[in-house]
2 protein chains.
Amino acid sequence: MPRAGLSTDAVVDAAVAVLDEHGPDALTLAAVAARTGVATPSLYKHVDGLGELRRRVAVRSMNELADRMTAAVLGRSRDDALRAGMMAYRSYALEHPNRYAALPQHPVPDPDLAAAGDRVVQVILALLRGYDLEDSEVIHVARSVRAAAHGFAALQTAGGFQLAEDPDTSHERLIDLIVVGLREGPSDGSPHHRDQTVQDGSVAHT
Amino acid sequence: MPRAGLSTDAVVDAAVAVLDEHGPDALTLAAVAARTGVATPSLYKHVDGLGELRRRVAVRSMNELADRMTAAVLGRSRDDALRAGMMAYRSYALEHPNRYAALPQHPVPDPDLAAAGDRVVQVILALLRGYDLEDSEVIHVARSVRAAAHGFAALQTAGGFQLAEDPDTSHERLIDLIVVGLREGPSDGSPHHRDQTVQDGSVAHT
DNA sequence: CAGGCGTAGCTAATATAATTAGCTTTATGG
DNA sequence: CCATAAAGCTAATTATATTAGCTACGCCTG
């Protein structure tokens with residue numbers, strides 16, 4: 001018989017397809033093997049078991065998310081950039097709910113995944129640039145923005161919004177809360193604006 | 001041999017213990033059976049398979065979360081209540097990260113779980129009472145608050161905050177963003193305060 | 001107190017999945 | 001044209017869930 005001609009990427013492609021079509025629980029080596037027309041153990045020639053396959057799918061998804069956010073934020077700043085970034089984040093989750101849900105909940109030591117996650121964080125840090133927040137303030141706000149984006153996306157894709165109110169409007173309101181909050185600064189009297197310096201985008205994580 | 005004297009509650013107790021100690025993936029019928037000193041199939045006398053067991057664990061956890069939030073918010077209003085509710089939410093997640101992580105990501109038709117989720121929502125709606133928001137505005141803000149709380153808890157328990165900055169401070173900042181945002185209202189000119197009416201707490205969900 | 005019965009718990013069997021070991025065969029490069 | 005690395009296969013092992021059907025514990029009643 002002719003060879004299937006698989007590759008690691010092709011296996012991940014199939015895995016993503018299975019994930020999209022049948023959900024996270026259906027992402028099994030057996031299902032991926034069936035889809036690629038190969039016996040289950042053959043997949044081990046391209047991927048080191050289900051764990052690695054899942055991680056690769058997550059890395060790809062996280063990078064897609066980062067790509068989309070990057071594109072959305074480009075050429076914008078401040079409220080405009082924040083709004084675009086948040087919208088891009090949510091739209092990715094809504095368009096690919098299973099991929100979004102498959103992003104790991106637990107700490108995972110995979111460096112590729114960390115790198116992809118960092119890309120998302122970097123975009124958020126970048127879109128906050130225009131606000132001239134001081135050093136650690138940027139981190140706190142970035143964490144807040146990420147939390148808001150993730151929380152909303154997670155709840156909505158999980159079907160958490162049952163009432164008639166339009167979730168789009170709710171999302172607008174969430175963005176508004178942050179925008180307005182940023183305009184006013186912390187409610188205690190601490191300084192939060194730095195006095196105009198340049199910010200480098202070296203490190204990562206938040 | 002003497003009988004083990006199990007009950008559905010006892011099985012769920014054991015399941016929670018396994019979950020707490022060894023994480024979500026270790027929550028198997030085999031592990032619960034071992035812990036209760038019974039053969040695996042015997043568990044089916046008390047629980048209808050792994051699916052139902054997981055759902056029961058989730059229901060219990062969600063109710064614990066609701067209990068804690070309710071206690072925290074009692075006797076407070078406005079910013080004070082909001083802050084207390086958010087803190088209670090996060091502290092539950094941090095104290096029981098595995099239980100929190102085991103709350104379902106996907107839509108689940110379990111009415112008990114829906115009821116438990118509603119309790120959380122009701123607390124959030126209640127703590128927003130003092131702000132006198134108009135009807136649908138309450139819903140949008142409640143969703144925003146829940147998204148912020150969930151997102152932050154999810155990210156932190158997943159080890160998403162790697163930098164030196166204290167996550168507690170970040171959380172304060174997140175609460176601040178919301179508090180300030182609420183003080184100012186939507187950035188468009190729409191009205192958001194109702195003119196003093198009573199709010200009933202009948203329905204649920206958001 | 002004896003009998004009876006409901007049910008908790010057991011063993012055995014089946015199905016699905018992951019994973020490992022080791023063989024076969026396809027391509028390809030010398 | 002053949003040697004070899006890698007792609008794929010089959011077979012076997014392990015872990016898990018789940019179903020079926022048996023047994024015996026313990027309570028409730030007569």
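Chain A is the first sequence line, chain B the second, and so forth, proteins listed ahead of strands; every chain is numbered from 1.
At whole-Å resolution of the value, CZ in B/Arg54 and P in D/dT16 are 13 Å apart. Atom CG of A/Leu6 and atom C1' of D/dC9 are 13 Å apart (whole Å). In this structure, CD of A/Glu52 is placed 17 Å from C1' of C/dT20, rounded to the nearest angstrom.
Residues satisfying the side-chain contact (heavy atoms from CB on, under 4.5 Å) test with A/Thr169, not counting sequence neighbours, are A/Asp166, B/His140.
For the pairing with A/Asp80, the salt bridge (charged side-chain N to carboxylate O under 4.0 Å, His left out) check across A/Arg78, A/Arg83, A/Arg76 returns one residue only, A/Arg76.
Classified by interplanar angle (parallel below 30°, tilted 30° to 60°, perpendicular above 60°), the ring pair B/Tyr100/B/Tyr89 is perpendicular.
A heavy-atom distance below 4.5 Å is found between the side chains of A/Thr70 and A/Arg119.
Within residues 25-48 of chain A, the residues having any heavy atom closer than 4.0 Å to DNA chain C are, in order of number, A/Thr28, A/Leu29, A/Ala30, A/Thr40, A/Pro41, A/Tyr44.
For the pair A/Arg143 and B/Phe161, the distance from NZ or CZ to the six-membered ring centre is under 6.0 Å and the angle to the ring normal is within 45 degrees.
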